[in-house]
Amino acid sequence: MAAHSYKRAIIDAVSGEGSQSEMAGEVAGGDSISFYRNSDTFIDMCVGPHVPHTGHLGHFKLMSVAGAYWRGDEKQPMLQRIYGTAWASKKELKEHLVRLEEAEKRDHRRLAKELDLLSFPAALGGGLAVWHPKGGIIRKQIEDYSRQRHLDGDYKFVYTPNLASGKLFETSGHLDFYADGMYPPMEMDNGTYYPKPMNCPMHCLIFDSRQRSYRELPLRLFELGAVYRYERAGTLHGLLRIRGFTQDDSHIYCTEEQLPNEIASLLDFVISVLKAFGFEDFDFRLSTRDPEKSVGSDEMWDLATEALREGLERHGLEYRVDEGDGAFYGPKIDIDVTDAIGRSWQLSTIQADFNSPERFDLEYVAPDGQRKRPVMLHRALLGSVERFFGVLIEHYAGAFPAWLAPVQVIVLPVAEDHQAYAAEVVGHLAEVGFRVESVAANDPLGKRIRNAKLQKVPYILVVGADDVANDTVGVNVRGSEGGPERDVPLQQFAGRLAKDVEQRT
RNA sequence: GCCCGGAUAGCUCAGUCGGCAGAGCGUCUCACUCGUAAUGAGAAGGUCGCGAGUUCAAUUCUCGCUCCGGGCUCCA
C-alpha cells in the first residue's frame, strides 16, 4: 500500500469528512471496495481478482518497465508499471517466449534493414523514411496494381499539391478540428500556407471547377496523395506510425440516392483489392457520431449512418458498432485485416460526408434543372501506402510473393565454366520482364545459396554442366520442403514464374 | 507529449572505475572452381549520435539536443 500513494489518497478522500473530491465520489459511488492481501506487506485495493498467493503465478518472467498514466489520463500523474508474463508450466512460458521471438523476426523495421528495403536516417528527422531500390520496386508494384484496379473501376486520376492556403483548411474545417495534427503554417507574400493533412479539400476544388451535371455522377476522383500529419514524438513506430505518408485516396461525389449502391460496390472493391495482397479475413466496424467532436445536422448524420449500415447489411457482413468513433464530418466503416499470424490491422476506411459539400457549396444540376447538393464519400483501401507496406512485410515475413519480390530469381553458376550460360539465363528471363540477378562463382555454391535464401528470393536457379548441355536449370523453390528440382527446361521454368506473377501467388 | 532505457566499424554487439577502441559477420584483394544454407589467407574500415561544461586529458563524468526502443496517451 505504501507504494500506492494514490490509492491511499482515494481512501483518505473517501473516509475524509465531507470530502467531495472526484475520486471519493467515484469510489464511494460504487457498490463496494475490494482489497487483496498477497502477503503481510502487500495489500492492494483492486477490483481483482488476484491469485491467492504469488506461488500460484507459476512460471513467470519479468518483461519490461514503463510509465502509465494514472487512470489512463494523460493529465494525471504517471506511475511506474512493471510488466511480466506468467504461465502454468515452464513449457508454456517457453512457448510464449518463442512466439515473441518469432514475431520479432517479422518486425518490419528489422526486415526493412535486413532486406535493404528502406531506412529511417536520423539525419532525415523522426517519423520519415527513405525508400531504397528494393523497397522502391515493391512499392511500385503495389502502386501500379492499385492504379490498374482504379482505372478498371472507373476512377478519374487527379494530382494535387502538397501545400495549400490556410483559407482552404478554414473552409474544410480542418483548422478548427485538427490544427494540433497539422504542421505549423508558412507565412508567404500572399498569405499563410500549410502542408496538407488530407487531400479531400483539393478534390472538392476539382469538383467545383465547373458546373456539374447529374450525368457525371458518381464522380470518383483518385489520387496517391502525400499528406503530412504531426504525430507526437513518442507515438512514432516505423512505417506503422509515420509523419509523411501517401494515401490511396479517393473522393466519390454522388447523389443521395446513389449512396447505398456506391457503398455496396465499394465494399466489394475493397475486399477484392485486399485479397490480392494475401489477406483473407476481414472485420468491419461502423463508427458513429461523437456529438462533442463533430459538425453537421443530426439529419445528415442519420442519413449517412444508415447508408453505411445498409451497405454492410446488403452484403450480409458482420460488423461491430463503435459509438462516437466517427470522423468529425461523418460516420465511417473501418476495415481490419487479419495477418498470417493472426494479428489484426486497420487498413481501409469508407467515410460518408454530408458536411464538406456544404462547406464547399458543391452543387450539381439535377434532371429537373434544379441545383442539388452532392454527397461525398472519402475512402482509402490500403490506407497509407507506407503503413500498408509495413503490414505487408510483417504479413509475409519478408518473403514476398513473386509478383512483389524485388528480386524474383537468382541464378547461380556452379563454377566459372558455367558463368556464360548463367548470363544467358539471366538475359532470357530479364528480356521477358522478370527481375533476375546472377552471382558469380567466387564463393562456394553453398554460401551463395545461403545468401540468396536469407534474402528470401522466391526462386534460386543453380546451373552446372548438365544444364549448359541441355538448356535446363536446377530450381530451388523458396520454402519447399524437398530438395531442388533438377533438369527443368528453362522455358518451362519461365512459364511457371509467369504464372506465379500473373496469379499473384 | 509523458515515464524508463539506449546510441561505439556497413550489420550485431563487447569495452574503456577518464589516458587517442575490439570481436564476429559483411566489404575489398589473392588463392580455391566447387551441384544445393557459411572455403582459406591477408587488408581496408571508427569525429565512440550532435553541442556545451568539468578536467592536464572526455567515447567514458555532468547538462542540453537529436534519433531509436518498450510502454502510456493520442491518431480527421
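Letters A, B, ... mirror the listed sequences (proteins, then strands); counts begin at 1. The structure displayed is predicted, hence computed values, not measured ones.
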Picking from B:C67, B:G35, B:G1, the nucleotide nearest the side-chain atoms of A:L445 would be B:G35
Whole-Å distance, A:L461 CG to B:U36 P, equals 16 Å
The nucleotide from B:C72, B:A37, B:U39 with an atom nearest the side chain of A:R81 is B:C72
Open item on the list: Quick check on the 6.0 Å ring-centre criterion: do A:W345 and A:F388 meet it?
Closed with: no
Can you tell me whether the side chain of A:R110 and the base of B:C11 have a donor-acceptor pair closer than 3.5 Å? no
- Query: Do the side chain of A:R232 and the base of B:U73 come within less than 3.5 angstrom through a donor-acceptor pair of N or O atoms?
  - Reply: yes
Among the nucleotides B:C72, B:U36, B:U33, whichever has the atom closest to the side chain of A:E416 is B:U33
The nucleotide from B:G26, B:G35, B:C74 with an atom nearest the side chain of A:V462 is B:G35
* Return yes if the base of B:C75 and the side-chain atoms of A:R229 contain a donor-acceptor N/O pair under 3.5 Å, otherwise no. => no
With sugar-phosphate meaning primed atoms plus P, OP1 and OP2, does A:K113 contact a base, only sugar-phosphate, or nothing at under 4.0 Å between heavy atoms?
-> sugar-phosphate
Among B:U33, B:C72, B:U36, the one nearest any side-chain atom of A:N442 is B:U33
- Query: Touch check for A:G72, heavy atoms < 4.0 angstrom, all strands: base, sugar-phosphate only, or nothing?
  - Reply: sugar-phosphate
Note to self: By the 4.0 Å heavy-atom rule, please label A:K453 as base, sugar-phosphate, or nothing.
What the structure shows: base
Hey, is the side chain of A:R486 poking within less than 4.0 Å of OP1 or OP2 on B:G35, counting only N and O atoms?
no
**Item:** Polar contact flag, side-chain donor to acceptor under 3.5 angstrom, A:T305-A:D302
**Value:** no
Taken to the nearest whole Å, OH/A:Y83 to P/B:G5 is 16 Å
Base, sugar-phosphate alone, or nothing: which one does A:D73 contact when heavy atoms must sit under 4.0 Å apart?
nothing
Kindly indicate whether the side chain of A:D417 and the base of B:U33 share any N or O donor-acceptor pair separated by less than 3.5 Å? no
- Mind checking A:S64 for me? I need base, sugar-phosphate or nothing, with any heavy atom below 4.0 Å counting as a touch. sugar-phosphate
Whole-Å distance, A:L128 CG to B:U66 P, equals 14 Å
Margin query: We want to know whether A:T472 and A:D467 form a side-chain donor-acceptor pair, criterion being a heavy-atom distance below 3.5 angstrom.
Written below: yes
May I ask you to decide whether A:R110 forms a salt bridge with A:E114, counting only side-chain N to carboxylate O separations under 4.0 Å? yes
### Task
Would you indicate what A:Q351 reaches in the nucleic acid, counting non-hydrogen atoms under 4.0 angstrom: base, sugar-phosphate, or nothing?
sugar-phosphate
Notebook entry, point to check: If you look at every strand shown and take non-hydrogen atoms under 4.0 Å, does A:G234 touch a base, only sugar-phosphate, or nothing?
Noted result: base
Report which part of the nucleic acid A:G383 touches: base, sugar-phosphate, or nothing (heavy-atom distance under 4.0 Å, all strands).
nothing
Whole-Å distance, A:D116 CG to B:C25 P, equals 21 Å
Regarding A:A465, tell me which of base, sugar-phosphate or nothing describes its non-hydrogen contacts under 4.0 Å with the strands shown. base
Taken to the nearest whole Å, NE2/A:H132 to C1'/B:C11 is 14 Å
In whole angstroms, the gap separating C1' of B:C28 from CG of A:D443 amounts to 12 Å
Of the listed B:G35, B:U33, B:C72, the closest approach to the A:D466 side chain comes from B:G35
Touch class at under 4.0 angstrom, heavy-atom based, for A:R109 against every strand present:
sugar-phosphate
Could you check whether A:F120 gets within reach of a base, just the sugar-phosphate, or nothing at all, counting any heavy atom under 4.0 Å?
nothing
* Between the side chains of A:T192 and A:K167, is a donor N or O closer than 3.5 angstrom to an acceptor N or O? -> no
| task | Indicate, with yes or no, if the rings of A:F493 and A:H428 have centres closer together than 6.0 Å. | result | no
The nucleotide from B:U39, B:C67, B:U33 with an atom nearest the side chain of A:A122 is B:C67
Give A:P197 one of three labels, base, sugar-phosphate or nothing, depending on what nucleic acid heavy atoms sit under 4.0 Å from its own.
base
Checking B:G70, B:U36, B:U12 against the side chain of A:H237 (C-beta onward), the nearest is B:G70
From CD of A:E231 across to C1' of B:G1 the rounded distance in Å is 12 Å
**Report entry** Min side-chain heavy-atom separation A:V414-A:V462 under 4.5 Å
**Finding:** yes
Can you tell me whether the side chain of A:Y69 and the base of B:G1 have a donor-acceptor pair closer than 3.5 Å? yes
A:R241 CZ to B:G70 P, in whole Å, measures 14 Å
From the candidates B:C34, B:C68, B:G35, the one with an atom nearest any side-chain atom of A:L236 is B:C68
| message | Tell me whether A:Y183 at atom OH has more than 12 heavy atoms from other residues, nucleotides or ligands lying less than 6.0 Å away. | response | yes
RNA chain B nearest-nucleotide lookup for A:A415 and A:M78: closer to the 5′ end is A:M78
Give one of base, sugar-phosphate or nothing for A:N451, where a contact means two heavy atoms less than 4.0 Å apart.
nothing
Presence of A:K447 side-chain N/O under 4.0 Å of B:G40 phosphate oxygens OP1/OP2:
no
Exercise. Counting any heavy atom closer than 4.0 Å, what does A:A327 reach on the DNA or RNA strands: base, sugar-phosphate only, or nothing?
Worked result: sugar-phosphate
